[in-house]
Amino acid sequence: MSNSWLTPGRLVVGGTFALVAVVVLYVLASLWGIRQGYAEHIDRVEPRTARLLGVQEREEDLAAAFTRANAQLAELAYPANGDTAMTAAAMQQSVRNVMTEAGFTVSGSQILPERREGDLLELRLDVTAVGSIDALAQTLDDLRAARPLVIIESVTIKPGRVRRSSDGTPRAGEDRRPLSARFKMVSLRMLK
């Protein structure tokens with residue numbers, strides 16, 4: 001029995017169809033791969049687009065919040081106008097006044113080199129004062145309420161000496177709880 005249906009002409013036609021089918025399958029697989037790449041890209045971009053649309057929808061609220069934040073910053077920090085050295089000297093004088101009014105005797109103060117933090121400049125101050133525990137408490141309360149804001153980075157407190165009379169008792173009018181305090185403080189100054 002011979003395979004009469006397997007003639008050379010049929011083999012060529014069948015091979016051609018098979019080759020066309022392989023090429024079509026390859027093209028379809030390539031197009032499917034490209035489509036999958038685009039779908040993944042869309043999946044990555046979609047959340048970003050949604051966030052941007054959300055920001056765009058809340059633009060007025062964000063602008064109002066920005067205005068409020070700038071107003072609050074203007075209250076808490078020194079303005080950008082003026083000289084940095086003069087601003088640091090004004091901060092130093094303000095802190096000295098607060099401490100003196102609270103009952104401290106300021107024995108020394110030094111303006112330290114400033115540091116830049118983004119759009120703000122940290123004005124740094126080192127102050128040593130002698131006084132009572134009550135003066136310390138009052139100073140801390142007054143500095144908390146001070147505007148522009150004064151941030152106390154650190155306080156080192158040491159007991160002071162009580163001066164005594166010849167009989168060994170504290171002198172009349174002397175605080176029995178004197179102390180020496182060294183403050184490191186920071187205030188902010190806007191650069192823009």
Side-chain angles (χ1 to χ4, degrees), residues 24-104 106 109-129 133-157 181-192:
V24 167
L25 286 175
Y26 176 76
V27 168
L28 287 175
S30 296
L31 290 174
W32 181 259
I34 291 170
R35 184 229 173 261
Q36 287 300 102
Y38 283 131
E40 289 174 7
H41 182 70
I42 288 170
D43 289 342
R44 282 193 313 266
V45 170
E46 206 169 61
R48 295 179 194 163
T49 305
R51 282 192 297 269
L52 288 174
L53 289 173
V55 167
Q56 188 177 20
E57 287 175 10
R58 306 297 288 188
E59 183 179 2
E60 290 178 15
D61 294 339
L62 291 171
F66 180 75
T67 302
R68 285 192 309 272
N70 277 341
Q72 194 170 28
L73 183 60
E75 180 184 326
L76 298 176
Y78 286 95
N81 59 357
D83 180 39
T84 300
M86 290 179 62
T87 305
M91 172 202 172
Q92 180 183 31
Q93 189 58 47
S94 172
V95 167
R96 287 178 71 104
N97 289 343
V98 165
M99 295 178 93
T100 302
E101 289 174 13
F104 264 124
V106 177
S109 65
Q110 179 183 6
I111 298 172
L112 302 173
E114 67 269 356
R115 284 188 285 206
R116 185 180 178 135
E117 288 292 327
D119 289 340
L120 297 171
L121 193 64
E122 288 183 358
L123 304 174
R124 300 169 58 235
L125 184 61
D126 187 349
V127 179
T128 303
I133 292 175
D134 295 333
L136 175 64
Q138 186 63 48
T139 296
L140 294 175
D141 284 343
D142 291 348
L143 287 175
R144 183 180 303 125
R147 294 296 180 264
L149 184 66
V150 177
I151 302 163
I152 300 174
E153 279 189 331
S154 68
V155 180
T156 305
I157 300 171
R182 182 174 181 188
F183 296 85
K184 291 198 183 249
M185 301 179 212
V186 173
S187 278
L188 302 174
R189 177 179 178 260
M190 294 185 287
L191 291 174
K192 294 181 183 179

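Position 1 is the first residue of the sequence, and the numbers go up from there.
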Determine which pairs satisfy salt bridge (Lys or Arg N to Asp or Glu O under 4.0 Å) with at least one residue from [range], sequence neighbours left out, and list them in order.
| range | answer |
| --- | --- |
| residues 59-73 | Arg58-Asp61 |
| residues 183-192 | Asp119-Lys192, Asp126-Lys184 |
| residues 28-37 | none |
| residues 69-92 | Glu75-Arg147 |

Interatomic spacing from [atom1] in [X] to [atom2] in [Y] - rounded to 0.5 Å:
| X | Y | atom1 | atom2 | result |
| --- | --- | --- | --- | --- |
| Trp32 | Leu28 | CH2 | CG | 11.0 Å |
| Leu123 | Ile111 | CG | CD1 | 8.5 Å |
| Glu153 | Met185 | CD | CE | 10.5 Å |
| Leu136 | Ile157 | CG | CD1 | 4.5 Å |
| Glu114 | Leu125 | CD | CG | 12.5 Å |

Not counting sequence neighbours, which residues clear side chain to side chain donor-acceptor pair (under 3.5 Å) with [X]? List them please.
| X | result |
| --- | --- |
| Arg51 | none |
| Glu101 | none |
| Thr87 | none |
| Asp43 | none |

Which atom pair, heavy atoms only, marks the closest approach of [X] to [Y]?
| X | Y | result |
| --- | --- | --- |
| Arg115 | Arg124 | NH2-NE, 3.3 Å |
| Met91 | Val186 | CE-C, 4.0 Å |
| Ala135 | Gly103 | CB-C, 3.7 Å |
| Tyr78 | Ser187 | CE1-CB, 3.8 Å |
| Ala77 | Pro148 | C-CB, 3.9 Å |

Between Ser30 (side chain only) and Tyr26 (backbone N and O only), is there a donor and an acceptor less than 3.5 Å apart?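 The answer is yes, because a donor-acceptor pair under 3.5 Å joins these two groups.
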
Any side-chain to backbone donor/acceptor pair from Arg96 onto Val98? Under 3.5 Å, distance only. no

Could you list the residues that satisfy side chain to side chain contact (heavy atoms under 4.5 Å, CB included) with [X], not counting sequence neighbours?
| X | value |
| --- | --- |
| Leu120 | Leu73, Leu188, Met190 |
| Leu53 | Thr49, Gln56 |
| Gln138 | Ala102, Asp142 |

Would you say the side chain of Val106 lies within less than 4.5 Å of the side chain of Val95, judging by non-hydrogen atoms? no

Around atom CD of Gln72, are there more than 12 heavy atoms from other residues, nucleotides or ligands closer than 6.0 Å? no

Arg144 meets the salt bridge (charged side-chain N to carboxylate O under 4.0 Å, His left out) criterion, sequence neighbours left out, with Asp141

